[in-house]
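One structure below.
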Number of protein chains: 4
Amino acid sequence: MTAPDPETDPEAGTPPADAAPARRHAAGADPAKRAQILEGAARAFLEKGFDAASMEDVRRAAGVSKGTIYVYFADKVELFEALVADKRDRMFADVISLLEEDLPLRAKLTRFGEALSRVLCSEDVIRAQRIVIGAVARMPGMGERFYRVGPSRMHDRLAALFEAEVAAGRLAVPDARMAAVQFIELVSAGVWRRRLFCGPHAGVEEAEIVRTVASAVELLLRAWGRGEARQGLDD
Amino acid sequence: MTAPDPETDPEAGTPPADAAPARRHAAGADPAKRAQILEGAARAFLEKGFDAASMEDVRRAAGVSKGTIYVYFADKVELFEALVADKRDRMFADVISLLEEDLPLRAKLTRFGEALSRVLCSEDVIRAQRIVIGAVARMPGMGERFYRVGPSRMHDRLAALFEAEVAAGRLAVPDARMAAVQFIELVSAGVWRRRLFCGPHAGVEEAEIVRTVASAVELLLRAWGRGEARQGLDD
Amino acid sequence: MTAPDPETDPEAGTPPADAAPARRHAAGADPAKRAQILEGAARAFLEKGFDAASMEDVRRAAGVSKGTIYVYFADKVELFEALVADKRDRMFADVISLLEEDLPLRAKLTRFGEALSRVLCSEDVIRAQRIVIGAVARMPGMGERFYRVGPSRMHDRLAALFEAEVAAGRLAVPDARMAAVQFIELVSAGVWRRRLFCGPHAGVEEAEIVRTVASAVELLLRAWGRGEARQGLDD
Amino acid sequence: MTAPDPETDPEAGTPPADAAPARRHAAGADPAKRAQILEGAARAFLEKGFDAASMEDVRRAAGVSKGTIYVYFADKVELFEALVADKRDRMFADVISLLEEDLPLRAKLTRFGEALSRVLCSEDVIRAQRIVIGAVARMPGMGERFYRVGPSRMHDRLAALFEAEVAAGRLAVPDARMAAVQFIELVSAGVWRRRLFCGPHAGVEEAEIVRTVASAVELLLRAWGRGEARQGLDD
DNA sequence: TATGAATGAGATTTCATTCAT
DNA sequence: AATGAATGAAATCTCATTCAT
């Protein structure tokens with residue numbers, strides 16, 4: 001389901017780490033060192049951005065030598081792309097899994113919406129998105145992969161859910177994918193975009209997220225909810 | 001109404017060109033040359049991004065000498081901020097003015113939504129937004145000003161419109177501002193975010209925008225429309 | 001006596017200012033404007049040094065346009081050399097004139113020594129000397145002219161005085177010029193060199209100068225004084 | 001006695017080269033490379049002066065890359081200050097040591113005076129002094145350190161010697177420090193100052209130095225010498 | 001003749017990348 | 001295989017000088 005996309009998985013092609021209990025890894029093939037570098041890179045890039053962070057910053061944060069970084073990654077761009085690929089997958093998997101839970105529609109949408117909104121608008125993730133967006137001009141492939149693995153996959157899952165609900169007679173959406181896209185937009189309506197452009201506004205956000213998601217759910221159900229899904233809507 | 005905010009208007013403070021019938025402009029005060037530099041800067045920055053575009057790129061695109069650029073702008077950051085301030089105001093004013101037109105609600109929302117979505121998702125504006133977002137970490141003020149003059153002002157106008165419609169009995173939204181924020185999010189649902197991360201997908205976008213805006217209007221009216229505003233909704 | 005050395009007088013060759021009461025001067029020939037530029041240059045160079053002072057600093061201090069400066073002086077170096085030539089002459093003339101006064105030897109040497117030391121060690125003159133010395137590598141002629149017009153001329157005058165005193169039987173120096181050189185060195189012994197390398201030490205200098213000159217006079221007269229010139233020396 | 005002043009010793013703080021038997025030096029810690037850079041800097045600065053010599057000149061003279069220079073020295077000023085500190089200490093130590101020799105007063109003063117005068121008036125040292133003096137306005141600390149380590153320390157040593165001679169009945173100076181300052185001024189009387197302002201006058205200097213120092217010694221002893229120290233003075 | 005906006009060569013400094021150890 | 005000192009291209013910015021007005 002979240003099997004690594006060979007095109008985007010930088011580890012593809014390296015011998016399986018456990019093939020032999022070798023004491024020594026081939027050049028650039030020690031997964032622990034690779035992870036260590038990525039961790040340092042994450043710290044350095046998140047703090048300063050892609051251009052402003054120097055390879056020296058990365059080296060210092062990772063605690064390895066510069067030469068080693070270049071054994072594992074061909075250049076700064078490849079390191080950054082690998083880093084994004086790495087974080088990306090982790091980030092979205094958890095949120096998507098919320099859609100698999102067995103809950104009433106309204107509750108499921110609410111939990112999913114809040115989780116997604118919290119993640120997307122958290123300081124670190126906002127910074128990461130800013131950096132990725134800012135780098136799209138120079139690394140177009142990376143942006144597209146990010147979108148495909150993240151938002152786009154989310155749209156697919158949610159659309160499938162909506163189709164099931166339509167089949168079950170609890171929703172009357174004429175276009176499940178459009179509705180899914182709209183819902184995902186609505187759960188961070190006003191918050192995500194603002195956070196992208198503005199610094200964090202001291203702590204107000206959790207309440208805002210709850211309110212925004214509730215409003216998104218209500219808007220959706222009021223427009224397209226049927227049967228039990230309309231319960232509690234003062235019509 | 002859209003009078004230039006003195007704090008954000010980069011041209012504010014330059015002596016009026018007609019104070020004296022001087023043929024010669026003061027240093028850094030020739031509006032034509034200033035515009036020429038900004039035009040070159042726009043080309044250079046839009047093509048490569050803030051960091052990747054060098055002042056030499058700007059110079060070449062603008063067709064002036066490096067020294068001249070530094071007569072008009074103290075440094076690269078100031079040049080970029082001036083450029084953003086310059087484009088920003090022009091960009092949003094037109095769209096907002098569509099809300100003043102005398103049209104039925106559904107038509108007005110559709111026209112406004114399409115215009116906004118077209119602007120926000122056009123190649124140049126997307127590039128500009130990517131660069132601004134990518135630069136927020138280093139120039140926080142600029143991002144905030146952009147948001148305030150653009151999206152935020154839009155929210156205000158649309159919320160006012162919704163309140164008037166509520167008073168007129170054509171809408172039943174419980175929270176006009178939330179609804180405004182949601183609508184603005186919906187008119188480019190799925191498109192804006194995708195464009196931020198991905199390159200242009202040759203030509204498909206106009207149709208997508210029309211479809212998306214129509215869906216946004218329907219969702220809103222289906223949920224909160226009253227009286228004549230519900231006409232045409234197959235309930 | 002202090003007639004302008006044609007080689008060093010930058011005004012040489014310009015038509016006499018009063019030849020005709022012309023309303024308009026030839027290009028670069030208005031002595032008032034020339035003086036105005038030199039005055040501004042003095043302020044700018046004394047404050048920042050030759051390299052650190054920009055022609056813009058000079059222009060601002062002088063209150064003329066850049067173009068005008070270049071009408072009067074071919075380049076920055078020529079301006080500086082003219083400035084030095086200008087100040088130089090004024091500076092030394094007053095001190096030398098003290099040697100012409102009709103006073104007993106001891107008093108004359110004391111007055112002359114103190115005046116010389118005060119001038120040479122005053123903040124502005126120290127700054128000027130630092131700048132000239134620092135510029136010798138690039139403008140060797142200027143340093144030599146400065147030395148010839150200043151210290152060297154001083155040596156000549158004082159040597160002549162000493163010879164007269166020898167003839168009068170009040171001094172027994174075997175080498176009048178050497179004695180003159182020594183005396184001039186002694187009147188600012190320890191002070192001038194220190195001031196060249198160090199910043200001003202709040203106010204202590206006047207007392208130090210008096211003490212130093214007194215000691216210089218005593219040393220000279222104790223070694224070479226004869227007759228009445230030895231009065232007051234506790235032998 | 002001439003132990004390096006930690007504040008002014010640029011090599012202080014570098015890890016001892018033998019802490020580990022490492023073949024490889026830490027960044028900016030290879031003394032040979034450091035010396036190579038300083039050597040190049042000396043050539044470049046002595047030839048052109050501080051401002052006129054570019055880092056490119058230094059790089060060329062040193063035969064290293066520009067990046068390497070900036071590994072060893074934070075910027076141009078720090079490089080220059082390190083260079084001055086480096087030469088300064090070497091320069092004065094030798095001369096001062098001459099005062100420790102066991103010789104009759106007259107011979108000791110003569111040898112010391114000639115050595116000092118030769119050093120201070122040699123072409124390279126004169127150039128160095130010009131540059132330091134020219135840079136005092138921008139780097140006041142450096143000028144003061146130069147004076148303290150050089151002339152000022154010299155005054156102290158010589159004053160101590162004079163005091164010992166007074167105690168031994170061979171000198172009757174009323175103020176040993178003043179006499180020391182005077183003597184140091186006298187040994188290069190007329191030469192040092194002239195050299196500061198003027199270029200080298202082919203080879204005449206050695207004879208001039210001998211003559212000047214002899215005259216200085218005679219002046220001092222004639223004024224203040226007692227007992228055996230007066231031998232040879234035709235009174 | 002005086003002006004000052006424009007010029008562009010050149011200055012200092014940074015940093016992604018390499019390669020001898 | 002890992003290291004990190006060295007590299008040098010390229011970036012930003014300054015300023016002496018020119019020339020159209």
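Numbers restart at 1 for each chain; the letters A, B, ... are given by sequence-line order, proteins then strands. Side chains included, hydrogens not; waters and symmetry mates left out as well; all remaining heavy atoms used.
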Stem list, DNA chain F (Watson-Crick or G-U pairing under 3.5 Å, at least 3 consecutive pairs): E:2-21 with F:2-21
Quick one: B:Ile69 CD1 to E:dA5 C1', roughly how many Å, whole number? 14 Å
Can you measure A:Phe45 atom CZ to E:dC15 atom C1' for me and round it to whole angstrom units? 13 Å
Of all residues at least two apart in sequence or in a different chain, which pass the side-chain hydrogen bond (donor to acceptor under 3.5 Å, both in side chains) check with D:Lys66? none
Not counting sequence neighbours, which residues clear salt bridge (Lys or Arg N to Asp or Glu O under 4.0 Å) with D:Lys33? List them please. none
Enumerate, atom names and distances included, each donor-acceptor pair closer than 3.5 Å involving a side-chain atom of residues 41-50 of chain C, sequence neighbours excluded.
{"from": "C:Arg43", "atom 1": "NH2", "to": "C:Ala61", "atom 2": "O", "distance (Å)": "2.8"}
{"from": "C:Lys48", "atom 1": "NZ", "to": "C:Asp57", "atom 2": "OD2", "distance (Å)": "3.3"}

With heavy-atom distances below 4.5 Å as the criterion, would you say the side chains of C:Tyr72 and C:Val64 are in contact? no
For D:Arg138, salt bridge (Lys or Arg N to Asp or Glu O under 4.0 Å) partners two or more places apart: D:Asp51
To the nearest Å, how far apart are D:Tyr72 OH and E:dT13 P? 19 Å
Considering residues at least two apart in sequence or located in another chain, which fulfil the salt bridge (Lys or Arg N to Asp or Glu O under 4.0 Å) criterion with D:Lys87? D:Glu39
Reported OH-to-NZ distance for the pair C:Tyr70 and C:Lys76, which is rounded to 0.5 angstrom: 8.0 Å
Of A:Ser65 and D:Arg59, the one whose nearest nucleotide on DNA chain F sits closer to the 5' end is A:Ser65
In whole Å, I'd like the distance from the CD1 atom of A:Ile37 to the P atom of F:dG4. 13 Å
Once you round it to whole Å, what is the distance between C1' of F:dG8 and CZ of D:Arg60? 14 Å
Residues two or more places apart in sequence or in another chain: which of them pass side-chain hydrogen bond (donor to acceptor under 3.5 Å, both in side chains) with D:Gln36? none
Whole angstroms only, please: what is the CG-C1' distance between D:Asp30 and F:dT7? 16 Å
Distance check needed: E:dT13 C1' versus D:Phe80 CZ, whole Å only. 19 Å
Protein-nucleotides 14-16 of chain F N/O pairs under 3.5 Å:
{"from": "F:dA16", "atom 1": "OP1", "to": "C:Lys76", "atom 2": "NZ", "distance (Å)": "3.1"}
{"from": "F:dA16", "atom 1": "OP2", "to": "C:Met55", "atom 2": "N", "distance (Å)": "2.5"}

Report the distance from atom CG of A:Asp57 to atom C1' of E:dA16, rounded to the nearest whole Å. 12 Å
Which residues satisfy the side-chain hydrogen bond (donor to acceptor under 3.5 Å, both in side chains) test with A:Glu81, sequence neighbours excluded? A:Arg145
